[in-house]
There are 2 protein chains.
Amino acid sequence: MFRIGSFARLGGLSAKQLRAYDELGIFRPVWVDPSNDYRYYSPAQLPELRRILALRELGLPLDEIGCLVAGGDLREALERRRAELERERQRAEERLRALDISIADERGPDVVLRPVAVEPVAVMHVAQPVDTALYELESHVRDAGRRAPRPPGAIPSEREIFVPVTGPIPTTDRIGYRRLPAVRVASIIHRGAYEGVADARRALLRWVESAGLATVAPMRTIYLQFGAEAELRVPPGYVVDQAADFVTELQLPVA
Amino acid sequence: MFRIGSFARLGGLSAKQLRAYDELGIFRPVWVDPSNDYRYYSPAQLPELRRILALRELGLPLDEIGCLVAGGDLREALERRRAELERERQRAEERLRALDISIADERGPDVVLRPVAVEPVAVMHVAQPVDTALYELESHVRDAGRRAPRPPGAIPSEREIFVPVTGPIPTTDRIGYRRLPAVRVASIIHRGAYEGVADARRALLRWVESAGLATVAPMRTIYLQFGAEAELRVPPGYVVDQAADFVTELQLPVA
DNA sequence: GCTTGACCTTCCCTCTGGGGGAAGGTACAG
DNA sequence: CTGTACCTTCCCCCAGAGGGAAGGTCAAGC
């Protein structure tokens, strides 16, 4: 029989941890002297302790180990932990790929992967996503009192422009209502003349390819600076540079 | 110009985060109205914010991003992060291998990897690591008043037995003094008759091989139940089972 | 002009998953 | 008999972020 201190030394952990494991029901002393509450451990408990430490080393949280000791399914817990670890590894690899792309790129990373929420929008088909059509669509939405405070955009491949709304709007033969689905997008921001967007688009496509992601929907273009919000008060001496302040986000939904 | 709320929506983060980034010096508004402390952001800042978010997504801590913004070496930071991530991935893979070994083994894991501190010991060469020699060696150490409260052991391949000491001891022609180096060991605990140790040894060697680790020193055997500490008070009715309570640890130093 | 929402700061809590240390008191061992 | 070990309880720590509420001011739209 060992007292807690020497047993802790043998086990390679602290007496404090042994007390905590006792309290958590993970690993209890074989006998507690009722007269003084001293914990006594037997040599035969070392293999049991060892198994618990091994589980901890595999990354199982203590409370889960507690469940196992209480009769849980070891095999299943290990399989679950394996799946978790596998996800961790994949995440690390994904990040490594993204990192390598950034390292190759002098300016640093400019593409991020982010979730986009469901977006209820008014949509309009147009030959070209031009400003005038966007103003028309926005007026319609605003007249209906449904303008949501988010920037409008386009889905160029569908020849469609959209304006976020706060709910269903009256539709016309030219203007419809739908909800753009929530997706995870790879996104890049382009600043400057609209002609330069083509470069950004290429960079985004290259990034998604390098990251090994699959495209699941057509690209969305968001006109970030569009709307009254962009023209609040301006500091004294600030010159609004229309060209430089023209900011566009390209979003490519990926799996 | 945007106020913090709309800019946060565009950037895909919270106003709170933007305020925190301002305070951390990571990303500051282009203008702060001195009359009311309102923060104003320009559309042209979106690409800059985007780069910061991308760095965050790559796992760089905020304070490091702060250093980069303050003129730090981006390339070097990314390389460092890459190395870190690579270690993470390797750790995940190492654990996956250990997990797979455990899953294959019905009883659960019984080998752990753990560091062992430097151990000053009295050593003695013997033909066989037998009890009588161990008692003799321990008596010598105890007579010198140098017995350290840790269990004795053997290095069978060297035909050497050792007893931990608290400092240098007088040496004789049969008894020496040395310091076992600190190492990381793969360790298994065997309980029961000494003959069964061979099975444990095989299990340990198999584990180390499966884990892809290299052995860097001969195996150490530790007699865990050896010594007075093991025979403190015993609960009423407790029967000391010499065979079952004979507990041996095998330690294999690995890289 | 008034209301509602947005913004300001400051302080504290949350999470995850565990750790350690000190205080104050009793018990054991040599 | 003295130093060490042990008991409990309470509090603090880590990293690395983020959120929430309080209390006050301000802006925008009707």
Side-chain angles (χ1 to χ4, degrees), chain A residues 1-9 12-24 26-29 31-41 52-53 55-67 81 84 88 142 145 147-149 166 227-234, chain B residues 1-9 11-24 26-29 31-41 52-53 55-67 81 84 88 142-143 145 147-149 166 227-234:
Chain A
M1 301 294 278
F2 299 98
R3 290 197 317 197
I4 201 168
S6 29
F7 194 73
R9 268 191 302 277
L13 72 172
S14 71
K16 201 110 192 202
Q17 283 171 295
L18 280 174
R19 286 192 202 103
Y21 293 177
D22 180 9
E23 192 167 356
L24 290 172
I26 289 176
F27 180 73
R28 322 206 88 130
W31 182 59
V32 176
D33 185 334
S35 78
N36 60 13
D37 288 341
Y38 273 31
R39 293 171 178 84
Y40 288 90
Y41 296 87
I52 285 164
L53 295 183
L55 289 170
R56 190 187 64 168
E57 193 172 284
L58 291 173
L60 272 82
L62 292 186
D63 45 16
E64 186 144 10
I65 297 178
C67 296
R81 172 66 186 146
E84 197 181 305
E88 246 175 58
R142 213 180 282 282
R147 179 72 168 92
T166 57
E229 285 181 324
E231 284 153 45
L232 293 171
R233 69 179 42 188
V234 166
Chain B
M1 301 293 280
F2 298 98
R3 290 197 316 197
I4 199 167
S6 29
F7 195 73
R9 268 192 300 278
L13 69 167
S14 71
K16 200 106 193 207
Q17 284 171 291
L18 280 175
R19 286 191 201 103
Y21 293 177
D22 180 8
E23 192 167 356
L24 291 172
I26 290 176
F27 181 73
R28 322 207 86 131
W31 183 60
V32 176
D33 186 333
S35 77
N36 59 13
D37 289 340
Y38 272 33
R39 294 171 177 83
Y40 288 90
Y41 296 88
I52 285 164
L53 295 183
L55 289 171
R56 190 188 61 167
E57 192 171 288
L58 291 174
L60 273 81
L62 292 186
D63 46 15
E64 186 145 10
I65 297 177
C67 296
R81 173 65 187 146
E84 196 180 306
E88 245 175 59
R142 215 182 280 283
D143 291 346
R147 181 69 169 93
T166 58
E229 285 181 323
E231 285 153 44
L232 292 172
R233 69 179 42 189
V234 166

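Order of the sequence lines sets the chain letters (A, B, ...), proteins ahead of strands, with each chain counted from 1.
- Between the CG atom of B:Leu18 and the P atom of D:dA17 there is a distance of 15 Å, rounded to whole Å.
- Residues A:Arg3 and A:Arg39 fail the side-chain proximity criterion, which asks for heavy atoms closer than 4.5 Å.
- Side-chain atoms of B:Arg56 and B:Tyr21 form a donor-acceptor pair, as typed in the model, at a separation below 3.5 Å.
- The distance from atom CD1 of B:Ile26 to atom P of D:dA17 is 8 Å, rounded to the nearest whole Å.
- B:Gln17 has no side-chain polar atom (N or O) that falls below the 4.0 Å cut-off from OP1 or OP2 of D:dA17.
- We find that CD of B:Glu64 is positioned 15 Å from P of D:dA15, with the value rounded to whole Å.
- When rounded to the nearest whole Å, the span between OH of B:Tyr40 and C1' of D:dC26 equals 9 Å.
- Inter-residue side-chain proximity for A:Phe7 and A:Leu18 is flagged as met; some heavy-atom pair is nearer than 4.5 Å.
- The CZ atom of A:Phe2 sits 17 Å away from the C1' atom of C:dA29 (whole-angstrom rounding).
- We find that CG of B:Leu58 is positioned 13 Å from P of D:dA17, with the value rounded to whole Å.
- Contact record, B:Leu60 with B:Ile65: O-CD1, 3.8 Å, taken as the closest heavy-atom pair.
- Atom CZ in B:Arg56 sits roughly 10 Å away from atom C1' in D:dA17 (whole-Å rounding).
- Between the C1' atom of D:dA28 and the CG atom of B:Asp33 lies a distance of 15 Å, rounded to the nearest Å.
- Of the side-chain N and O atoms in B:Ser14, one or more sit less than 4.0 angstrom from OP1 or OP2 of D:dG19.
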Footprint string (nucleotides 4-10 of chain C, 5' to 3'): B base within contact, S backbone only, - free, heavy atoms under 4.0 Å: --BSSB-
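- The one candidate from B:Tyr41, B:Tyr38, B:Tyr40 that meets the side-chain contact (heavy atoms from CB on, under 4.5 Å) condition with B:Trp31 is B:Tyr40.
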